[in-house]
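Here's the structure we're looking at; comments come further down.
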Amino acid sequence: QVQLVESGGGLVQAGGSRRLSCAASGRTFSSYPMGWFRQAPGKEREFVATIKWSGGGTYYADSVRGRFTISRDNAKNTVYLQMSSLKPEDTAVYYCAAATQYYNPRHVYEFDYWGQGTQVTVSS
């Protein structure tokens, strides 16, 4: 059974930092792009960042570029999202996802495995 499990969410003050982790099990995802999405209450799930299998290719949403960093440790089957200079508008449930059919995915429909999400709340 394939599982993606996020951790690291919580309450953080504006301007602070937080690191999210996503541990994959049941399948080796080292060959696939991985991504982070987020969903705020009443809003659609939106793309945050993606990283190619080698870790050398990353892409970010404009809203987080320069503040968030995605990375991966294929030996641990784990993807990370380092978030800095957090803002109240970053408050959302953050989801980890894996794409096995697309080379450079950035849209929800391109990812076929999802975690259960972890809540990040940024207080002002």
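Taking 4.5 Å as the limit, some side-chain heavy atom of Val120 sits within range of a side-chain heavy atom of Met83. Between Tyr113 and Phe29, some side-chain heavy-atom pair lies under the 4.5 Å cut-off. Gln119 is listed as a side-chain neighbour of Thr91, based on a closest heavy-atom distance under 4.5 Å. No side-chain heavy atom of Tyr95 sits less than 4.5 Å from a side-chain heavy atom of Arg38. Side-chain contact between Phe37 and Phe47: present, with at least one pair of heavy atoms (C-beta onward) separated by less than 4.5 Å. You'll find the side chain of Ile70 reaches within 4.5 Å of the side chain of Val79, heavy atoms only. Proximity of Arg65 to Tyr59: side-chain heavy atoms (C-beta onward) are separated by under 4.5 Å at one or more points. When side chains are defined from C-beta on, Glu6 counts as touching Trp36, because their heavy atoms get closer than 4.5 Å.
To the nearest 0.5 angstrom, Ser123 atom OG is 5.0 Å from Leu11 atom CG. Between atom CD of residue Gln39 and atom CD of residue Glu44 there is a gap of 8.5 Å, rounded to the nearest 0.5 Å. Ser30 OG to Arg72 CZ: the interatomic distance, rounded to the nearest 0.5 Å, is 7.0 Å. Here the CG-OG distance, from Asn77 to Ser25, works out to 8.0 Å after rounding to the nearest 0.5 Å. The structure places OG of Ser7 at 15.0 Å from OH of Tyr94, a figure rounded to the nearest 0.5 Å.
For the 3.5 Å distance criterion, the side chains of Asp73 and Thr78 fail to qualify, holding no donor opposite an acceptor.
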When you look at Val48 and Tyr60, which way does the side chain to side chain contact (heavy atoms under 4.5 Å, CB included) test go after all the steps? CA-CA 6 Å; Val48 174; Tyr60 299 91; 5.9 Å; no
Using the rule given for side chain to side chain contact (heavy atoms under 4.5 Å, CB included), can you reason through Leu20 versus Thr118, listing the C-alpha separation, both sets of side-chain angles and the distance that settles it, and then say yes or no? CA-CA 8 Å; Leu20 305 182; Thr118 185; 4.0 Å; yes
Chi angles and distances behind the side chain to side chain contact (heavy atoms under 4.5 Å, CB included) call for Asp90, Arg67: CA-CA 11 Å; Asp90 294 319; Arg67 300 188 297 121; 2.8 Å; yes
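Cation-pi geometry between Arg45 and Trp114 is met: the NZ or CZ atom falls under 6.0 Å from the ring centre, inside 45° of the normal.
Judged by distance alone, with hydrogens and angles left aside, the side-chain atoms of Arg106 form no donor-acceptor pair with the main-chain N or O of Ala49 at under 3.5 Å. A donor-acceptor pair is defined here as one N or O able to donate and one able to accept, closer than 3.5 Å; such a pair exists between the side chain of Arg18 and the backbone of Gly8. Looking at Asp112, its side chain does come within 3.5 Å of a backbone N or O of Thr100 through a donor-acceptor pair.
Closest of all the heavy-atom pairs between Ala40 and Ala92 is N-CB, 3.9 Å. What you find for Ala14 and Ser124 is that their closest heavy atoms are CB-CA, 4.3 Å. Of all the heavy atoms in Thr50 and Met34, the pair that sits closest is OG1-O, 3.0 Å. Residues Ala24 and Leu4 approach most closely at CB-CD2, 3.5 Å, considering heavy atoms. Residues Val5 and Gln116 approach most closely at CA-OE1, 3.8 Å, considering heavy atoms. Of all heavy-atom pairs between Asn104 and Lys52, the closest is OD1-CE, 3.9 Å.
In this structure, Tyr102 has its ring center at least 6.0 angstrom away from the ring center of Phe111.
In the hydrophobic clustering of this structure, Val122 groups with Leu81; members are Ile, Leu, Val, Met, Phe, Trp, Tyr whose side-chain heavy atoms approach within less than 4.5 Å, directly or through other members.
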